[in-house]
*Asks:* 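If you scroll down you'll find the structure; I have some questions about it.
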2 protein chains.
Amino acid sequence: MSLKETDTEQIILLAAKEVFFKKGYDGARMQEIADEAGMNKALLHYYFRSKDKLFEAIFNDAFQKFIPRMVEKMASDASFEEKIISFVDNYITVIMEVPQIPNFILTEINRNPERIVEIMKKIGMQPEIIISGIQKDIEEGKIIAVNPKHLLINIIALCVFPFVAKPLLQNMLFDNNSGDYHTFLLERKKEVSQFIINSIKIN
Amino acid sequence: MSLKETDTEQIILLAAKEVFFKKGYDGARMQEIADEAGMNKALLHYYFRSKDKLFEAIFNDAFQKFIPRMVEKMASDASFEEKIISFVDNYITVIMEVPQIPNFILTEINRNPERIVEIMKKIGMQPEIIISGIQKDIEEGKIIAVNPKHLLINIIALCVFPFVAKPLLQNMLFDNNSGDYHTFLLERKKEVSQFIINSIKIN
DNA sequence: GTCTATATTGTGATAGAC
DNA sequence: GTCTATCACAATATAGAC
């Protein structure tokens, strides 16, 4: 494949990402993507055939980024504290690089829940490994007895929610000063892991 | 106003809610709302003039339900434990009555963040009252020293996130068995308040 | 108030020149 | 590979009969 061909394709993907992230599938317009990419609508179809195919490329890539790399972190031999600190810090850092992803993914998944079944198979994220990892830590007396599924959801919720609800929380707590909210999100790396550790540590 | 007029209006609102909740503003079609309501498109415009106006009616109502009634609960003289238990139980119960609301509100707010400023004024939810309430509990030594804003977000995140991410979590943890997930959400009333209390209690 | 018919504009997609 | 022109259909909104 020539360099030029790959180039155009990447420009389209970048533009499409921009528009789909902001407007969602239904709100996005091929015309707007073309404008954003500085080219013609027809060219989008030449490279991706349809709006659907173009969207799918964006969605699959974003979904990969959204799914936390939990297995490596949580299934190690480190102490639970270390595992939590490392996971939370890493996950929030990753999301902050493309903070629109959580809202985009959750919106699109709710719009079309059937999509999940097929996606999950491709990814193979195996939550059972994390669940049983937590179970093991409980049995070894490292943390108090909790329902692992609830704990897992709690961890993810604490990391992700501030990004999904950003416009609301930003206005509610900081009068829309985006710099403040950014600082707030950085603080959360420590706050969240501390919050979790406190709630499950053995006294 | 005659009974018949109010009747039709209510039927439209009910149908619109159904469709807007599922598809969002951009995905919703006036035709589908009309079908759902068992009447003609023209009638929707007769009662609400435009898709925008109809949407606004739905959105404002849903937003009211989404904003937790925190002030009453959190500003009382009860112990912090009691306040948390009461708030979490109540909020999750309210959301479970119309579980599509969190995703609907967060999607639409991200799609059009400008909307918030104006809405927030109307509501007057005064988060400062809750923040300073938490501050007071800290000063009185009822709970450990934490950043009140982070604690507030944590509480809301733990309650709301499982609804926003339902399709994902349901598939991830329960192989799409919706009965299991419903039970899981009911369990959270206790799990979440316990989780919060553990993390901030003084040893 | 409620319906049918229609105006009008928007939007994904393709044909065909260069 | 990239562009212009255009098709075909979808969607909001209105006109006007009943």
Side-chain angles (χ1 to χ4, degrees), chain A residues 1-62 104 107-108 110-112 114-115, chain B residues 1-62 104 107-108 110-112 114-115:
Chain A
M1 80 192 130
S2 79
L3 196 80
K4 201 159 186 218
E5 178 186 321
T6 306
D7 238 30
T8 308
E9 205 172 307
Q10 290 306 315
I11 292 172
I12 294 175
L13 284 170
L14 225 63
K17 203 179 289 188
E18 182 82 17
V19 175
F20 278 133
F21 280 2
K22 188 149 64 187
K23 307 276 182 88
Y25 179 85
D26 289 323
R29 297 288 166 256
M30 294 299 267
Q31 183 59 60
E32 193 177 349
I33 296 173
D35 292 347
E36 180 78 29
M39 63 184 66
N40 199 281
K41 268 194 302 179
L43 212 42
L44 306 183
H45 284 95
Y46 176 80
Y47 277 91
F48 292 92
R49 259 185 62 90
S50 69
K51 185 183 178 183
D52 265 313
K53 302 269 187 215
L54 178 52
F55 175 81
E56 204 176 339
I58 302 295
F59 181 86
N60 289 341
D61 186 61
F104 171 69
T107 298
E108 295 303 330
N110 272 285
R111 194 178 57 80
N112 183 6
E114 295 77 34
R115 188 192 303 271
Chain B
M1 81 192 132
S2 81
L3 196 78
K4 201 163 187 214
E5 179 186 320
T6 305
D7 238 31
T8 308
E9 206 173 307
Q10 289 306 315
I11 292 172
I12 293 175
L13 284 170
L14 224 64
K17 202 179 291 188
E18 183 81 16
V19 176
F20 278 132
F21 280 3
K22 189 150 62 187
K23 307 277 182 87
Y25 178 85
D26 289 322
R29 296 289 166 255
M30 293 299 267
Q31 184 59 61
E32 193 178 348
I33 296 173
D35 292 347
E36 180 77 29
M39 63 184 67
N40 199 282
K41 270 191 299 179
L43 212 43
L44 307 183
H45 285 95
Y46 176 81
Y47 276 92
F48 292 90
R49 259 187 64 89
S50 70
K51 185 184 177 182
D52 265 311
K53 302 269 186 215
L54 178 53
F55 175 80
E56 204 176 339
I58 303 295
F59 181 86
N60 289 341
D61 186 61
F104 171 70
T107 298
E108 295 302 329
N110 272 285
R111 194 178 56 82
N112 182 7
E114 297 78 33
R115 189 192 301 273

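All chains are named by letter (A, B, ...) in the order of the sequence lines, taking the proteins before the strands, and each is independently numbered beginning at 1. Treat the numbers as computed from the prediction; the structure is a model and nothing was measured.
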*Asks:* Would you kindly give the NE2-to-C1' distance between A/H45 and D/dT4, to the nearest whole Å?
*Replies:* 15 Å
*Asks:* Separation of B/I12 atom CD1 from C/dC3 atom C1', in whole Å?
*Replies:* 14 Å
*Asks:* Looking only at side-chain N and O atoms, does A/D26 offer a donor or acceptor that is under 3.5 Å from a partner on B/Y25?
*Replies:* no
*Asks:* Would you kindly give the NZ-to-P distance between A/K51 and C/dA13, to the nearest whole Å?
*Replies:* 8 Å
*Asks:* Mind calculating the distance between CD (B/E9) and P (C/dG1) to the nearest angstrom?
*Replies:* 9 Å
*Asks:* Reckon B/Y47 has a side-chain N or O less than 4.0 Å from the OP1 or OP2 of C/dT2?
*Replies:* yes
*Asks:* Is a donor on one side and an acceptor on the other found under 3.5 Å between the side chain of B/E36 and the backbone of B/E18?
*Replies:* no
*Asks:* Atom NZ of B/K53 and atom P of D/dT14: how far apart are they, to the nearest Å?
*Replies:* 12 Å
*Asks:* Please lay out, stage by stage, how A/F20 and A/F55 fare under the test ring pair (Phe, Tyr, Trp, His ring centres under 6.0 Å).
*Replies:* CA-CA 8 Å; A/F20 278 133; A/F55 175 81; 5.1 Å; yes
*Asks:* Calculate the interatomic distance between B/N40 atom CG and C/dT2 atom P; express it in whole Å.
*Replies:* 11 Å
*Asks:* Side chains of B/E108 and B/N112: donor-acceptor distance under 3.5 Å anywhere?
*Replies:* no
*Asks:* What's the CG-P distance between A/L44 and C/dT14, to the nearest Å?
*Replies:* 13 Å
*Asks:* Let me know the distance between CZ of A/R29 and P of C/dT11, rounded to the nearest Å.
*Replies:* 4 Å
*Asks:* Where the side chain of A/L43 is defined as all heavy atoms beyond and including C-beta, which of D/dC3, C/dA13, C/dT4 is the nearest nucleotide?
*Replies:* D/dC3
*Asks:* For C/dG1, take OP1 and OP2 only and decide whether either is under 4.0 Å from a side-chain N or O of B/T8.
*Replies:* no
*Asks:* From the set C/dG12, D/dT12, D/dA15, return the single nucleotide nearest to any side-chain atom of B/K41.
*Replies:* D/dT12
*Asks:* Which part of the nucleic acid, if any, lies within contact of B/A34, taking any heavy atom under 4.0 Å across all strands shown: a base, the sugar-phosphate backbone alone, or nothing?
*Replies:* nothing
